[in-house]
Asker: 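Below is a structure I'd like to ask you about.
Position 1 is the first residue of the sequence; numbering continues from there. When a ligand or atom number is given, it counts from 1 through the structure's own listing order.
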Amino acid sequence: MNMPSVLVTGGAGFLGSHLCDRLVGAGHDVMCVDNFHTGSKQNIAHLIGRVNFELIRHDVWLPLYVEADRVFNMACPASPVHYQSDPVSTVKTAVLGAINMLGLAKRCNARILQASTSEVYGDAQVHPQQESYWGNVNPTGPRACYDEGKRCAETLFFDYHRQHQVDIRVVRIFNTYGPRMRPDDGRVVSNFIMQALRGEPITLYGDGSQTRSFCYVDDLVEGLLRMMNQDELVGPINVGNPAEITIRELAERVLRLTGSKSRIEYRPLPADDPVQRRPDIARARQHLDWHPGVELEDGLKETISYFRHLVNQ
Ligand code: NAD
Ligand code: UDP
Ligand code: UDP
């Protein structure tokens, strides 16, 4: 059987590297494209040397001419700390990266999946968030480089689909966590676990009453693969775990699971930080027969054991 060849941009990142694992394991020819801005060779070191895996150092702002049957466009810093450190680069990655990969998909007649985000809903006025909701995004605030960059990327995907018949898939990913997040990633799960393991204060922004819904990485990758492998729906489709908790509860849970004596230190809430977020996953259940299977408690234990290993190295 001829397996489709797959290009994964951002393949050395947190989600991208887990996706590469699944694709290489399934026997696809996989090209991982990354500029190592927030990803690392360590994440894919175990794949180097496999005959069906190639690593290309490349920036997706620039054109890329390779052949592929399928493209997962994952390249983009995802943590507010990193995407806000050079916001102009973030917009370029999101928008020019989408244009280049769509151009490649058009030329290769490839199916292309965009890693979009729940951030397209912004500080949502509708709860839980359904795909039909258009969002509430501040176009000039500090999160806009990411939120609006990703919204523009969705626009480009749908325009290439309507205008050039490119075979697109758009997945809106909700907060996902797990092994291979960077210790200095800056997102909440890795921050809290690292702080707890090092006995440092847990930095809780605001009063901790804001909510998020955390999906374990293996569940998320399964959702991406199912979306790519079906012929019916282009999206957008929410993929995430609808189990919602406050950030204060998350801090308490991490403290309990690590057995840490760290204290909670309150810090100001960053500008435009969404108050609540939970995916409505009815569409994913219906069209992909997908729902998350890993409980937060179990996923956190896996993630803690990964970070514990890093700390003890
Ligand atoms: P990550 O930062 O670990 O991975 C992003 C990868 O893209 C890194 O390897 C980075 O080096 C690479 N990259 C960044 N800019 C690039 C460029 N210009 N050219 C080539 N490579 C580049 O983040 P992640 O959590 O793995 O996120 C992967 C994708 O999923 C991103 O597009 C992100 O927006 C999306 N997403 C993630 C989450 C989540 O909770 N993890 C939620 C919503 C959306
Ligand atoms: N592109 C690319 N790889 C390809 C084909 C195109 O990187 O295999 C880039 C190309 O540089 C262009 C962009 O994708 O800027 C959009 O391509 P498209 O064909 O839509 O645009 P055009 O070339 O007509 O401007
Ligand atoms: N957060 C926090 N302490 C941290 C990092 C994040 O309290 O050290 C909060 C942040 O303000 C937000 C939530 O946790 O309300 C999730 O933040 P993250 O950066 O992980 O993701 P996003 O805001 O993009 O959903």
Asker: Based purely on interatomic distance, does Met74 place a nitrogen or oxygen under 3.5 Å from a nitrogen or oxygen of ligand 1?
Answerer: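 N/O-N/O distance below 3.5 Å exists for this pair.
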Asker: Does Asp34 approach ligand 1 within less than 4.0 angstrom via side chain, backbone, both or neither, non-hydrogen atoms only?
Answerer: both
Asker: Tyr160 to ligand 2: N or O pair under 3.5 Å?
Answerer: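 N/O-N/O distance below 3.5 Å exists for this pair.
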Asker: Mind checking whether Ser116 has an N or O less than 3.5 Å away from an N or O of ligand 1?
Answerer: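 For ligand 1, there is no N or O atom that lies under 3.5 Å from one belonging to Ser116.
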Asker: Strictly less than 4.0 Å: does any protein heavy-atom distance to atom 23 (O) of ligand 2 fall in that range?
Answerer: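 Flag for atom 23 (O) of ligand 2 set to false, no protein heavy atom closer than 4.0 Å.
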Asker: With respect to Pro77, determine whether any N or O atom, backbone or side chain, lies less than 3.5 Å from an N or O atom of ligand 1.
Answerer: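 Looking only at distances, the answer is no, because the N/O contact criterion of under 3.5 Å is not met.
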Asker: So which bit of Val188 gets within less than 4.0 Å of ligand 3, heavy atoms only: side chain, backbone, both or neither?
Answerer: both
Asker: Do Thr117 and ligand 1 have an N or O pair less than 3.5 Å apart?
Answerer: no
Asker: How does Glu119 reach ligand 3, if at all, at less than 4.0 Å between non-hydrogen atoms: by side chain, backbone, both, or neither?
Answerer: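 Only the side chain of Glu119 comes within reach of ligand 3.
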Asker: For atom 10 (C) of ligand 2, grab the closest protein heavy atom and report residue, atom and distance to one decimal in Å.
Answerer: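 Residue, atom and distance for the closest contact: Tyr65 OH, 3.8 Å.
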Asker: Counting from 1, what ligand 3 atoms have a heavy atom of Ile247 closer than 4.0 Å?
Answerer: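 Going through ligand 3 atom by atom, the ones under 4.0 Å from Ile247 are 7 (O), 13 (C), 14 (O).
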Asker: Where's the contact between Arg182 and ligand 1, heavy-atom distance under 4.0 Å: side chain, backbone, both or neither?
Answerer: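 Looking at Arg182 and ligand 1, no heavy atom falls under 4.0 Å.
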Asker: Which residue owns the protein heavy atom closest to atom 17 (C) of ligand 1, what's the atom, and how far is it?
Answerer: Asn35 ND2, 3.2 Å
Asker: Determine if the distance from atom 1 (N) of ligand 2 to the closest protein heavy atom is below 4.0 Å.
Answerer: yes
Asker: Taking the non-hydrogen atoms of Arg267, is any one of them nearer than 4.0 angstrom to ligand 3?
Answerer: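 In this structure, Arg267 fails to qualify as a contact of ligand 3 - no heavy atom is under 4.0 Å.
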Asker: For ligand 3, which part of Asn191 has a heavy atom less than 4.0 Å away: the side chain, the backbone, both, or neither?
Answerer: side chain
Asker: Please check whether Pro63 reaches ligand 2 - meaning an N/O of the residue sits under 3.5 Å from an N/O of the ligand, judged on distance alone.
Answerer: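 In fact, backbone or side chain, Pro63 has no N or O that close.
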Asker: Just need the protein heavy atom nearest to atom 7 (O) of ligand 2, so name the residue and atom and give the distance.
Answerer: Leu64 N, 2.8 Å
Asker: Atom 17 (O) of ligand 2: which protein heavy atom is closest, and how many Å away?
Answerer: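 Protein heavy atom at minimum distance: Gly103 CA, 3.3 Å.
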Asker: Please state which protein non-hydrogen atom is closest to atom 9 (C) of ligand 2 and give its distance, to 0.1 Å?
Answerer: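 For atom 9 (C) of ligand 2, the nearest protein heavy atom comes out as Asn100 OD1, 3.4 Å.
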